[in-house]
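Have a look at the structure below, then the notes.
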Amino acid sequence: MSRLRVIVVGLGVQGQKRRAVAGDDVVATVDPVHPEANFKSLQDVPLSSYDAALLCVPDEPKIALITYLAENRKSLLVEKPLLGTSARSGAELAALAKLVRESGITCYTAYNHRFEPHFVRMHELIRSGELGEIYSLRMFYGNGTARLVRNSEWRDRHAGVLPDLGSHLLDTLQFWLGDIRSEFVLWSASCFENLAFDHVTFGASGRPLLQCEITLLSWRNHFYADVFAERGSAHISSLCKWGPSTFTVRRRVLPSGRPPEENITLVQADPTWTLEYEHFKSLCRTGGSNISNDLWISGVLEKLAQAGGVSP
């Protein structure tokens with residue numbers, strides 16, 4: 001495949017970003033109301049005109065759109081999270097995963113933070129074993145979008161920030177730690193300004209201890225991660241888009257004492273969107289899907305949301 005011909009479905013904020021990154025690969029756009037869109041419906045786009053779709057749409061229509069694309073053997077990138085739409089969401093996603101496998105397409109749910117330089121460094125450090133046993137891992141992810149979400153007809157509903165930002169943290173845990181068997185528990189779910197949850201804490205006990213906090217009420221956007229382990233610790237402060245972003249490694253001194261510290265600080269534009277699109281194109285050439293990750297994330301989010309008395 002010399003050139004991947006893509007269509008962008010949905011011209012909201014995410015769709016505009018995807019269109020800019022895909023550049024000349026974009027052969028058409030789809031949106032029911034946007035005046036710049038070439039088509040109002042995905043089904044209106046001639047199947048012979050494109051190879052793959054970038055789905056930048058709300059959660060509800062995702063399953064139907066993916067089903068249509070898989071049945072017509074079109075690869076796709078879909079914005080996270082990929083959740084079921086019914087009470088039997090697990091079975092619904094499992095059936096979708098089966099269809100994707102049988103069609104042979106690439107079905108990739110976008111989690112762009114996997115391409116953050118410091119997320120990659122944390123992944124490599126943990127997987128190297130240099131830190132020894134991981135005792136605990138805590139993450140905070142916050143932005144100040146509570147008012148924007150409240151003013152959105154389709155965003156301020158159900159579990160709110162939980163699937164939005166919680167899905168990122170769950171995917172990051174999978175990226176860094178691999179398969180996770182621990183049972184996650186909802187610790188708190190608050191609606192300080194919104195109808196839906198705008199501040200949530202959750203985690204899993206055991207080894208490692210996992211602690212996650214997500215909020216729409218952090219007026220300065222921020223992310224941090226702290227990993228405490230047998231032979232030292234590792235820390236991330238901020239993302240490239242909110243930089244400067246710093247990665248810190250501390251090597252334990254025995255029996256105790258101030259550890260030597262290594263710091264890498266980046267001041268640069270967000271590289272993740274371009275890197276992720278290149279990764280998607282590579283998957284389209286070689287094959288591959290991360291829908292099994294969606295099955296796990298969806299299952300965890302569903303249980304957490306139910307504990308809070310809402311649907312995901």
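We're numbering straight along the sequence, starting at 1.
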Distance check, rounded to the nearest 0.5 Å: [X] atom [atom1] versus [Y] atom [atom2]?
X      : Y      : atom1 : atom2 : answer
Ser292 : Asp179 : OG    : CG    : 8.0 Å
His279 : Cys284 : NE2   : SG    : 10.0 Å
Arg252 : Ser233 : CZ    : OG    : 11.0 Å
Ile66  : Leu55  : CD1   : CG    : 6.0 Å

Got a sec, which residues hit side-chain hydrogen bond (donor to acceptor under 3.5 Å, both in side chains) with Ser238, two or more places apart in sequence or on another chain? none
Any donor-acceptor N/O pair, [X] side chain to [Y] backbone, under 3.5 Å:
X      : Y      : value
Ser289 : Cys107 : yes
Glu79  : Val57  : no
Asp51  : Arg5   : yes
Trp187 : Glu213 : no
Thr201 : Ser188 : yes
Arg155 : Leu148 : no
Ser190 : Phe192 : no
Asp294 : Pro81  : no
Ser152 : Val149 : no
Glu230 : Glu133 : yes

Identify whether the distance between the nearest side-chain nitrogen and carboxylate oxygen of [X] and [Y] falls below 4.0 Å.
X      : Y      : answer
Arg157 : Glu60  : yes
Glu262 : Arg251 : yes
Lys241 : Glu116 : no
Arg150 : Asp156 : no
Glu278 : Lys281 : yes

So do [Y] and [X] actually touch side chain to side chain, heavy atoms under 4.5 Å?
X      : Y      : result
His158 : Pro163 : no
Asp226 : Ser136 : no
Thr29  : Glu36  : no
Glu71  : Leu99  : yes
Asp25  : Tyr277 : yes

Does Arg147 have more than 12 heavy atoms from other residues, nucleotides or ligands lying within 6.0 Å of its CZ? no
Is atom CG of Asp44 surrounded by more than 12 heavy atoms (other residues, nucleotides or ligands) closer than 6.0 Å?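 Atom CG in Asp44 is packed in, count exceeds 12.
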Using the side-chain contact (heavy atoms from CB on, under 4.5 Å) rule, take Val310 and Leu162 through it: C-alpha gap first, then chi angles, then the decisive distance, then the call. CA-CA 11 Å; Val310 299; Leu162 179 59; over 6 Å; no
Check each of Arg258, Glu261, Arg231 against Arg250 using the side chain to side chain contact (heavy atoms under 4.5 Å, CB included) test, and report the only one that passes. Glu261
Are [X] and [Y] linked, directly or through other ILVMFWY residues, by side chains that come within less than 4.5 angstrom of each other?
X      : Y      : answer
Trp242 : Leu216 : yes
Val249 : Phe175 : yes
Tyr68  : Val100 : yes
Leu209 : Ile180 : no
Val8   : Val21  : yes

Determine whether the aromatic ring centres of residues Phe223 and His113 are separated by less than 6.0 angstrom.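 Aromatic pair excluded; centres sit 6.0 Å or further apart.
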side-chain contact (heavy atoms from CB on, under 4.5 Å), that's the test. Do Gln16 and His34 meet it? Break it down for me. CA-CA 11 Å; Gln16 298 287 8; His34 200 289; 3.4 Å; yes
In Asn112, Asp59, Asn293, Asp164, the residue satisfying side chain to side chain donor-acceptor pair (under 3.5 Å) with Lys80 is Asp164
Let me see the working for Asp270 and Leu239 under side-chain contact (heavy atoms from CB on, under 4.5 Å), right down to the final yes or no. CA-CA 8 Å; Asp270 183 355; Leu239 306 174; over 6 Å; no
May I have the step-by-step check of side-chain contact (heavy atoms from CB on, under 4.5 Å) for Leu283 and Asn290, ending in yes or no? CA-CA 10 Å; Leu283 288 177; Asn290 64 351; over 6 Å; no
Could you point out which residue of Phe140, Tyr224, Phe228 forms a ring-ring contact (aromatic ring centres under 6.0 Å, His included) with His235?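 By the ring-ring contact (aromatic ring centres under 6.0 Å, His included) criterion, His235 pairs with just one of Phe140, Tyr224, Phe228: Phe228.
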Between Phe184 and Lys303, is there a cation-pi geometry (under 6.0 Å to ring centre, at most 45° from the normal)?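 Judged by the rule (NZ or CZ under 6.0 Å from the ring centre, within 45° of its axis), Lys303 is not positioned above Phe184.
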Going by atom types alone, do Thr246 and Ser237 pair a side-chain donor with an acceptor below 3.5 Å?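 Not at all, the side chains of Thr246 and Ser237 share no donor-acceptor pair under 3.5 Å.
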